Amino acid sequence: MEVFRLSRAKYADQLSGYGAALKGARWNSRGVEMIYAAENRSLAMAEVLVHLSLAMLPKDFMMLTIFIPDEIEVFNLPVSQLSDGWNSFPHRRITQELGDRFIIEQQYAVMRVPSVVTQGDFNLLINPAHPLFKEISIVRKATFPFDQRIFK
């Protein structure tokens, strides 16, 4: 399976959950390393855009194509198992607890979760501490300029 991630150029050569651990996010608490990816390029773009404005938009984004071997089992988190408000902004602690548990338990290297930004699409959370993480790799990198019409 191929999944996608937008990354600043200076971080595009490695997969690391360090950035997510600095502040925490919807699916991880501060201090918990996790890699966020998307099932398609447009979702990867949308997930970045909700956090930026045209004035803040860096010009050095790279679209990473990440390969996850078919042998790596992906846990699909059903929306029906999420409590009301899981998709609220700001995010609630309950989703962070789910993601933290995914990292700590290490039963799976990858978890598929619903996107808040585009309903019906899915993100993939990758556990960089899982023993199978070494099998996951970046297979392509390409510059990714945002179309300026997005901001008009």
Side-chain angles (χ1 to χ4, degrees), residues 1-8 11-53 56-58 61-142 144 146 150-151:
M1 159 177 34
E2 288 186 342
V3 298
F4 305 92
R5 175 177 173 79
L6 266 178
S7 175
R8 301 285 305 274
Y11 305 116
D13 290 325
Q14 63 181 4
L15 290 176
S16 165
Y18 180 74
L22 287 176
K23 294 184 179 180
R26 180 169 306 277
W27 297 101
N28 70 296
S29 299
R30 179 179 285 153
V32 177
E33 293 189 16
M34 178 181 288
I35 299 164
Y36 287 71
E39 285 188 328
N40 57 64
R41 289 173 186 85
S42 56
L43 178 57
M45 180 181 70
E47 293 285 353
V48 167
L49 286 177
V50 297
H51 300 288
L52 300 173
S53 68
M56 294 174 41
L57 189 63
F61 272 108
M62 304 285 292
M63 181 63 73
L64 307 182
T65 303
I66 300 167
F67 177 69
I68 301 172
D70 292 339
E71 296 76 32
I72 294 180
E73 185 179 2
V74 176
F75 175 70
N76 288 294
L77 180 65
V79 177
S80 61
Q81 288 188 5
L82 295 168
S83 61
D84 289 341
W86 73 270
N87 54 354
S88 65
F89 182 81
H91 54 267
R92 295 195 178 160
R93 180 83 185 118
I94 188 70
T95 54
Q96 289 181 324
E97 290 169 356
L98 281 167
D100 292 354
R101 195 167 37 246
F102 155 70
I103 297 294
I104 292 165
E105 291 176 356
Q106 293 203 23
Q107 185 173 358
Y108 299 93
V110 181
M111 180 165 64
R112 184 174 179 258
V113 297
S115 169
V116 171
V117 177
T118 58
Q119 190 173 10
D121 284 342
F122 295 86
N123 289 308
L124 290 110
L125 309 176
I126 302 171
N127 182 350
H130 194 279
L132 292 176
F133 175 68
K134 65 183 180 294
E135 305 297 324
I136 297 171
S137 61
I138 298 169
V139 293
R140 277 187 297 288
K141 294 182 285 189
F144 191 85
F146 286 90
I150 291 172
F151 301 101

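What's counted below: heavy atoms across the whole structure, side chains too, no hydrogens, waters or symmetry copies. Quantities reported herein were computed from a predicted structural model and do not represent experimental measurements. The first residue in the sequence is number 1, and the count goes up from there.
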> Give me the atom names and distance for the closest heavy-atom approach of L98 to M111.
O-CE, 4.4 Å
> Any side-chain heavy atom of H130 sitting closer than 4.5 Å to one from Y108?
no
> Report the distance from atom CZ of R26 to atom CD of Q96, rounding to the nearest 0.5 Å.
9.5 Å
> Counting only heavy atoms not in F122, do more than 12 fall under 6.0 Å of its CZ?
yes
> What are the two closest non-hydrogen atoms of E39 and R112, and how far apart are they?
OE2-NE, 2.6 Å
> Can you confirm whether F102 sits close enough to V113 that some side-chain heavy atom of one is under 4.5 Å from a side-chain heavy atom of the other?
no
> Does the side chain of K141 come within less than 4.5 Å of D13's, by heavy atoms?
yes
> Between atom OG of S29 and atom CG of D100, what is the distance when rounded to the nearest 0.5 Å?
3.5 Å
> If I compare all heavy atoms of A109 with all of L132, which pair ends up nearest, and what's the gap?
CB-CB, 4.3 Å
> Does the side chain of V110 come within less than 4.5 Å of F75's, by heavy atoms?
no
> Would you call P114 and L82 a side-chain contact if the rule is heavy atoms closer than 4.5 Å?
yes
> About how many Å separate CG of L64 and CZ of F4, when rounded to the nearest 0.5 Å?
10.5 Å
> Please find the pair of heavy atoms, one from S115 and one from W86, that lie closest to each other, and give the distance.
O-CH2, 4.1 Å
> Among V139, V3, L124, exactly one meets side-chain contact (heavy atoms from CB on, under 4.5 Å) together with I66. Which residue is that?
V3
> Check I35, I68, N127 against I136 for a side-chain contact (heavy atoms from CB on, under 4.5 Å) and give me the one that passes.
I68
> Verify the neighbour count for atom CD of Q81: are there more than 12 heavy atoms of other residues, nucleotides or ligands below 6.0 Å?
yes
> Should L6 and M45 count as side-chain neighbours, where that means a heavy-atom distance under 4.5 Å?
yes
> Between E33 and A21, which heavy-atom pair has the shortest distance, and what is it?
CG-CB, 3.7 Å
> Decide yes or no for Q106 and P131: does some side-chain heavy atom of the first lie under 4.5 Å from some side-chain heavy atom of the second?
yes
> Starting from the C-alpha separation in whole Å, work towards a yes-or-no answer on side-chain contact (heavy atoms from CB on, under 4.5 Å) for E47 and Y36.
CA-CA 10 Å; E47 293 285 353; Y36 287 71; over 6 Å; no
> Tell me whether the count of non-hydrogen atoms from other residues, nucleotides or ligands lying under 6.0 Å of CZ in F67 goes above 12.
yes
> What pair of heavy atoms forms the shortest contact from T95 to R92, and how long is it?
OG1-O, 3.0 Å
> Should E71 and E135 count as side-chain neighbours, where that means a heavy-atom distance under 4.5 Å?
no
